[in-house]
Number of protein chains: 2
Amino acid sequence: MTLDSETKAVELPEHHGDELRLWLRLLTCTTLIEGEVRSRLRERFDVTLPRFDLMAQLDKVPEGMTLSDVSKRMMVSNGNVTGLVERLVESGHLDRRTSEVDRRVQVIRLTKAGRAEFRKMAAEHELWIADIFGDLTPKDVRELMRLLAKTKTSAQKSARARGD
Amino acid sequence: MTLDSETKAVELPEHHGDELRLWLRLLTCTTLIEGEVRSRLRERFDVTLPRFDLMAQLDKVPEGMTLSDVSKRMMVSNGNVTGLVERLVESGHLDRRTSEVDRRVQVIRLTKAGRAEFRKMAAEHELWIADIFGDLTPKDVRELMRLLAKTKTSAQKSARARGD
DNA sequence: CCAGATTTCTTTAAGTTTCAAGCAATGGCG
DNA sequence: CGCCATTGCTTGAAACTTAAAGAAATCTGG
């Protein structure tokens with residue numbers, strides 16, 4: 001019966017409300033900011049957030065990336081990227097070609113026009129973000145960075161433990 | 001020219017990269033956790049995250065809420081809620097009736113079955129969240145709560161300044 | 001009372017998103 | 001070489017999401 005009581009001790013209803021509240025607050029913050037950025041992007045540049053995000057990924061890598069790379073970086077499904085890229089190629093923002101060393105692979109890059117347009121948007125976007133986080137002191141920012149890094153690591157560990 | 005130089009001083013290209021990096025990290029964290037929760041909900045209960053979230057809102061208010069209330073709380077559009085509710089009524093989780101004092105208003109509540117199913121899911125959900133945030137100390141949690149509250153206030157202020 | 005404004009919800013179109021299934025190309029191994 | 005597992009991407013179905021326009025009920029100021 002010792003084992004039994006020990007087992008019970010571990011399974012006793014613990015106090016997890018704080019973590020739950022933290023998660024809800026994290027989600028609220030992100031949703032709030034995301035909505036704000038989304039509506040500014042639409043209003044100001046008539047562009048959607050996913051399009052902007054995709055272009056942001058590509059802007060960092062002039063030589064281009066494969067669809068899989070994009071999909072991993074954006075943490076969205078492959079099929080999602082296929083559709084997004086389709087529309088961005090259609091609108092002339094992206095350039096897409098099949099890799100010559102591996103014909104399964106599609107390499108996409110920003111076109112000249114796409115890059116120019118993105119840079120313009122990105123410059124304003126950065127100001128919006130600075131404004132949105134405007135009440136935080138540099139110390140707050142550092143501290144949040146640190147705690148979110150820790151959170152990310154913790155979440156990744158938990159995901160990995162379950163089997164990715 | 002004093003005014004000019006003062007103006008310039010304000011408009012000098014400032015250092016906003018930190019805020020941008022913070023926003024990206026915040027977004028990464030949330031996306032990561034959201035994806036994890038989403039896939040556990042599907043795997044374990046074959047339910048989508050939006051359905052779960054909607055039921056979570058309703059669980060807190062046994063007498064029910066209007067669609068507008070839900071839409072505000074979840075920070076999603078009205079049309080979105082209309083569709084979600086439709087499917088959840090269809091599946092027997094929700095009960096919907098027209099208010100008698102205002103015939104524009106639809107009041108929705110969890111059905112008995114819906115509530116029972118939600119409670120079961122919520123119990124496990126809370127454990128997942130605790131696990132996902134498992135590396136954070138109680139102090140980390142408190143500090144994150146505080147900083148995210150500040151962030152939320154700042155973001156709301158910025159949104160309001162633009163005109164909601 | 002009643003005309004216009006507002007609120008609540010639905011509808012529509014376009015786009016985003018996931019998951020699962022499928023296809024094509026590659027790479028490894030016997 | 002030839003099988004077959006893997007990888008990269010696309011497709012298809014269902015769901016989710018938004019913005020915008022519309023319909024119905026209510027409220028408000030004259």
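Throughout, protein chains are lettered first and strands after them, A, B, ... in sequence-line order, and every chain is numbered starting at 1. Just the heavy atoms: all of them, side chains too, but no hydrogens, waters or symmetry mates, feed the values below.
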Return the value, rounded to whole Å, for the distance between atom NE2 of His93(B) and atom P of dA15(D). 13 Å
Any chance you could lay out the side-chain hydrogen bond (donor to acceptor under 3.5 Å, both in side chains) test for Asp102(B) and Ser99(B), step after step, and finish with the verdict? CA-CA 5 Å; Asp102(B) 185 340; Ser99(B) 161; over 6 Å; no
State whether Arg162(A) and Glu43(B) are salt-bridged, where the test is any N-O pair (Lys NZ or Arg NE/NH1/NH2 against Asp/Glu carboxylate O) under 4.0 Å. yes
For Gln106(B) and dA23(D), what is the distance between atoms CD and P respectively, to the nearest whole Å? 18 Å
Which part of the nucleic acid, if any, lies within contact of Thr48(B), taking any heavy atom under 4.0 Å across all strands shown: a base, the sugar-phosphate backbone alone, or nothing? sugar-phosphate
DNA chain C: Ser77(A) or Glu100(A), which has the more 5' nearest nucleotide? Ser77(A)
So does Arg146(A) pair up with Glu143(A), basic N to acidic O under 4.0 Å? yes
Counting only side-chain N and O atoms of Arg87(B), is one of them less than 4.0 Å from OP1 or OP2 of dC16(D)? yes
Which ILVMFWY residues can you reach from Val101(B) by hopping between side chains whose heavy atoms are under 4.5 Å apart? none
Heavy atoms of chain B, cut-off under 4.0 Å: which first and last nucleotide of DNA chain C, 5' to 3', fall inside that, if you could look? dT7(C) to dC19(C)
Nucleotide nearest Arg96(A) (side chain, heavy atoms from C-beta), chosen from dT10(D), dT17(D), dT11(D): dT10(D)
Sugar-phosphate only, base, or nothing, as touched by Leu49(A) at under 4.0 Å among non-hydrogen atoms: nothing
In whole Å, I'd like the distance from the NZ atom of Lys72(A) to the C1' atom of dC9(D). 12 Å
Heavy atoms under 4.0 Å, any strand shown: does Ser71(B) hit a base, just sugar-phosphate, or nothing? nothing
Can you tell me which residue among Thr151(B), Leu147(B), Leu22(B) is in a side chain to side chain contact (heavy atoms under 4.5 Å, CB included) with Asp140(A)? Leu147(B)
Touch class at under 4.0 angstrom, heavy-atom based, for Asp102(A) against every strand present: sugar-phosphate
Assign each of Thr66(A) and Arg104(B) to its nearest nucleotide of DNA chain D by heavy atoms, then name whichever residue's nucleotide is nearer the 5' end. Thr66(A)
dT18(D) OP1/OP2 closer than 4.0 Å to side-chain N/O of Asn80(B): yes
Is Asp135(B) salt-bridged to Lys150(A), going by a charged N under 4.0 Å from an acidic O? no
Distance check needed: dC9(D) P versus Met74(A) CE, whole Å only. 15 Å
Rounded to whole Å, the CG-P distance (Leu84(A) to dT11(D)) equals 15 Å
More 5' along DNA chain D: Gly83(B) or Val107(A), using each one's nearest nucleotide? Val107(A)
Mind checking Ser68(B) for me? I need base, sugar-phosphate or nothing, with any heavy atom below 4.0 Å counting as a touch. sugar-phosphate
Arg103(A) or Asn78(A), whichever maps to the more 5' nucleotide of DNA chain C: Asn78(A)
Full working for salt bridge (Lys or Arg N to Asp or Glu O under 4.0 Å) between Glu124(B) and Arg44(B): CA-CA 9 Å; Glu124(B) 278 200 40; Arg44(B) 186 77 181 79; 2.7 Å; yes
